[in-house]
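Following: one structure in structure tokens, then a few remarks.
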Protein chains: 2
Amino acid sequence: MDLQIELIKRAEMFNTYWQQYLRIKKPTKLYEASQHLPAAGGKRIRPFLTLTSCESVSGEKEKALPFAAGLELIHNFTLVHDDIMDHSLLRRNLPAVHVKFGEPAAILAGDLLFAKAFESLLEISVDFQTFKLLQQDFIDGIIAICEGQQLDMEFESRKTVTEQEYLNMIGKKTGALFELAGKGGALIGGGKPPEIAALQTYGMTLGLAFQIWDDYLDMSSTATTLGKDIGNDIRNGKKTLIAVHSLTHATGKDKKLLDDVFGNHAASEQEVTLVYGLFKELGSIEYAQHRALQLVNQAKDAIAIIKPSDAKELLFQLIEYTIQREK
Amino acid sequence: MDLQIELIKRAEMFNTYWQQYLRIKKPTKLYEASQHLPAAGGKRIRPFLTLTSCESVSGEKEKALPFAAGLELIHNFTLVHDDIMDHSLLRRNLPAVHVKFGEPAAILAGDLLFAKAFESLLEISVDFQTFKLLQQDFIDGIIAICEGQQLDMEFESRKTVTEQEYLNMIGKKTGALFELAGKGGALIGGGKPPEIAALQTYGMTLGLAFQIWDDYLDMSSTATTLGKDIGNDIRNGKKTLIAVHSLTHATGKDKKLLDDVFGNHAASEQEVTLVYGLFKELGSIEYAQHRALQLVNQAKDAIAIIKPSDAKELLFQLIEYTIQREK
């Protein structure tokens with residue numbers, strides 16, 4: 001099976017299914033705001049992971065659609081609210097929801113997607129016991145995302161952050177939904193406890209690798225001038241794994257440069273370029289790449305106990321894809 | 001039974017129960033922000049209504065505690081987000097959450113309370129079928145609140161709003177949670193379908209009366225100078241029932257005064273006082289009082305089929321309380 005083809009096929013299947021949660025009603029502005037991001041597409045990686053995890057334990061992927069819809073609704077709700085908090089102007093090459101519809105409608109639009117996510121859970125065909133497990137996991141995942149976003153914001157104003165703290169933060173902010181996708185898909189598919197645990201670990205590990213690879217891609221720009229995002233991240237003191245690595249390893253005048261420039265909103269273009277050079281010099285960019293590769297190997301190992309199938313093959317390909325994609 | 005004593009007793013019982021949803025964890029700032037309003041107290045009218053509706057159909061009120069907790073968590077989450085949207089600075093005589101903790105933490109704190117509300121639903125001891133009904137109603141209630149808040153904001157920039165549109169808006173913004181409290185309490189208490197419908201209607205009607213009485217109290221100030229809130233509401237063009245009534249009935253120079261001043265952020269103190277005088281002259285303040293009284297009579301009629309009990313007596317007293325309280 002070819003991952004690119006299956007990603008598209010499953011995204012189409014998913015998009016058809018979740019239309020029911022995205023109907024326009026009155027007041028129109030609220031519903032249009034809530035659909036702005038969902039309608040903008042995306043690769044639907046989380047639904048893909050949910051459906052494919054379900055299949056990998058011999059479940060029917062259709063059965064996992066409502067849970068996948070819930071996860072994607074939550075993912076979109078967090079993007080809407082995060083963009084307000086982070087003052088982001090663009091998302092998926094479109095104006096962020098709060099930019100297009102105003103902040104009040106954006107807050108409500110996120111809340112509406114949040115509520116709809118729990119509606120989708122009610123459509124899962126499982127017994128009450130399993131439902132309760134799924135909903136509790138789902139809630140724990142959402143709470144983790146809130147905690148992760150709060151930590152991410154707090155880290156920006158801190159001088160240093162350890163790698164462990166960074167991993168804990170992205171584990172919550174990004175890993176939790178991937179973990180939930182793997183675990184929930186396997187549970188709905190009727191997986192045995194070790195299989196469910198395996199796909200849960202696979203999801204979390206893949207999520208961490210996914211986020212670190214994002215950090216790596218952002219910083220491995222080959223353009224002669226630095227992208228606006230890199231400059232902003234350096235000026236905002238954004239604690240990516242690359243920054244965390246440099247902050248830990250810099251000494252002497254390098255340390256002083258970071259102290260002066262990293263997290264300094266008034267830093268000049270030249271100073272930012274010097275910090276970027278330091279990230280390279282200290283091997284921090286390579287280190288992030290290396291850690292992402294380590295994690296994808298761990299993700300592979302995690303599903304060793306899953307019996308061979310087309311679905312398992314796709315999960316392997318998804319790992320490769322995570323560290324090959326260029327955004 | 002005395003309502004004031006029972007309100008306090010049930011609020012204490014409720015507060016003890018829902019502590020479990022309000023524990024401080026890390027990141028501390030997020031959890032402190034989420035507990036700022038819940039810890040500030042309040043009369044817990046919605047939990048009271050839930051527990052007492054449950055009792056009025058011979059259910060044990062303890063069984064309705066988790067649902068009551070869910071409702072109160074949702075109520076608090078909407079207050080946190082609404083205060084951001086409405087730029088409100090104070091709530092329950094304390095700084096609003098976004099004022100004290102900053103807007104990003106306030107958005108997240110609301111989201112956290114939202115997630116916790118669904119956690120509390122999982123604690124209700126009912127069969128799966130009933131659970132699904134309760135959760136769907138709960139979601140519908142939250143969606144109604146989002147729609148109501150959006151309408152309320154949109155109404156501010158509209159020239160006129162009909163009474164029907166106003167009632168639809170407050171039915172969503174305030175009525176929905178009261179309705180849910182009555183219906184959910186009755187359902188959990190094992191009420192028969194006509195009893196459940198009766199308490200649902202009671203809740204909605206009481207909620208409408210509650211909101212209109214709030215509008216009335218805000219405007220029936222006896223102070224010689226107008227309160228800041230009245231002035232702001234007039235300058236913001238807030239569509240209370242009083243304003244809706246005046247906008248519908250004003251003609252000639254009265255209509256021109258409203259056109260010029262109502263919703264005009266730059267209106268002078270004198271102009272605002274003239275509009276306030278017009279509200280009185282046109283009988284709009286009295287009209288709101290009259291409508292609230294009509295609604296509480298409807299609420300009484302709604303529960304005529306509920307068999308007599310201490311709980312029913314409390315529901316009657318709650319009606320009286322709604323139109324006697326002075327904030």
Side-chain angles (χ1 to χ4, degrees), chain A residues 25-31 33-34 74 77-78 80-82 84-87 102-123 126-129 131-133 135-136 138-154 168-169 172, chain B residues 25-31 33-34 74 77-78 80-82 84-87 102-123 126-129 131-133 135-136 138-154 168-169 172:
Chain A
K25 291 188 205 166
K26 287 185 177 174
T28 318
K29 186 179 175 184
L30 170 62
Y31 283 88
S34 77
I74 291 298
F77 130 66
T78 60
V80 177
H81 281 188
D82 284 3
I84 301 172
M85 296 179 227
D86 299 339
H87 308 290
E103 199 176 299
I107 293 175
L108 283 177
D111 293 343
L112 188 69
L113 294 170
F114 196 154
K116 289 276 176 192
F118 282 92
E119 198 167 47
S120 71
L121 294 190
L122 292 175
E123 298 300 318
V126 287
D127 60 69
F128 199 12
Q129 177 88 6
F131 177 87
K132 285 185 177 181
L133 282 175
Q135 180 149 312
Q136 186 61 57
F138 197 77
I139 292 162
D140 291 343
I142 296 166
I143 292 174
I145 296 172
C146 293
E147 293 176 353
Q149 169 67 5
Q150 178 66 26
L151 288 172
D152 198 12
M153 294 189 298
E154 289 182 8
N168 175 53
M169 183 273 285
K172 288 171 183 286
Chain B
K25 292 187 203 166
K26 286 184 178 175
T28 319
K29 185 179 175 184
L30 170 62
Y31 282 89
S34 77
I74 291 299
F77 129 66
T78 61
V80 177
H81 281 188
D82 284 2
I84 301 172
M85 294 179 229
D86 300 338
H87 307 289
E103 198 176 299
I107 293 176
L108 283 177
D111 293 343
L112 189 68
L113 294 170
F114 196 154
K116 288 276 176 192
F118 282 92
E119 197 166 48
S120 71
L121 295 190
L122 291 175
E123 298 300 318
V126 287
D127 60 69
F128 199 10
Q129 176 88 6
F131 177 86
K132 284 186 176 180
L133 282 176
Q135 179 150 313
Q136 186 61 56
F138 197 77
I139 292 163
D140 291 343
I142 297 166
I143 292 174
I145 297 171
C146 293
E147 292 176 353
Q149 169 68 5
Q150 177 67 27
L151 288 171
D152 199 13
M153 295 189 297
E154 289 182 7
N168 175 53
M169 182 274 284
K172 287 171 184 286

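Sequence lines set the chain letters: A, B, ... in the order given, protein chains first and strands last, and positions in each chain run from 1.
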> Looking at B:I143, B:I142, B:I145, which has the largest count of heavy-atom pairs under 4.5 Å with chain A?
Replying inline: B:I143
> By a 4.5 Å heavy-atom criterion (distance strictly below it), what part of A:D140 contacts chain B: side chain, backbone, both, or neither?
Replying inline: side chain
> Can you say whether A:L122 sits under 4.5 Å from chain B via the side chain, the backbone, both, or neither, judging by heavy atoms?
Replying inline: both
>> Counting heavy-atom pairs under 4.5 Å with chain B, which one of A:E103, A:K26, A:Q135 comes out on top?
In response: A:Q135
> Between B:F131 and A:F131, does the ring centre distance come in under 6.0 Å?
Replying inline: yes
Enumerate donor-acceptor pairs with a distance under 3.5 Å from any side-chain N or O in residues 104-117 of chain A to protein atoms, sequence neighbours excluded.
| unit_1 | atom_1 | unit_2 | atom_2 | d |
| --- | --- | --- | --- | --- |
| A:D111 | OD1 | B:H81 | ND1 | 3.2 |
| A:D111 | OD2 | B:H81 | ND1 | 2.8 |
| A:K116 | NZ | A:E119 | OE1 | 3.4 |

>> Before you tell me yes or no, could you show the steps for B:Q149 and A:L30 under side-chain contact (heavy atoms from CB on, under 4.5 Å), namely the whole-Å CA-CA distance, both residues' side-chain angles and the distance that decides it to 0.1 Å?
In response: CA-CA 10 Å; B:Q149 169 68 5; A:L30 170 62; over 6 Å; no
> Do you know which of B:A33, B:G102, B:C146 has the most heavy-atom pairs under 4.5 Å to chain A?
Replying inline: B:C146
> Is it the side chain or the backbone of A:Q150 that comes within 4.5 Å of chain B heavy atoms, both, or neither?
Replying inline: both
>> Rounded at 0.5 Å granularity, tell me how far CD1 in B:I84 sits from CD1 in A:I84.
In response: 8.0 Å
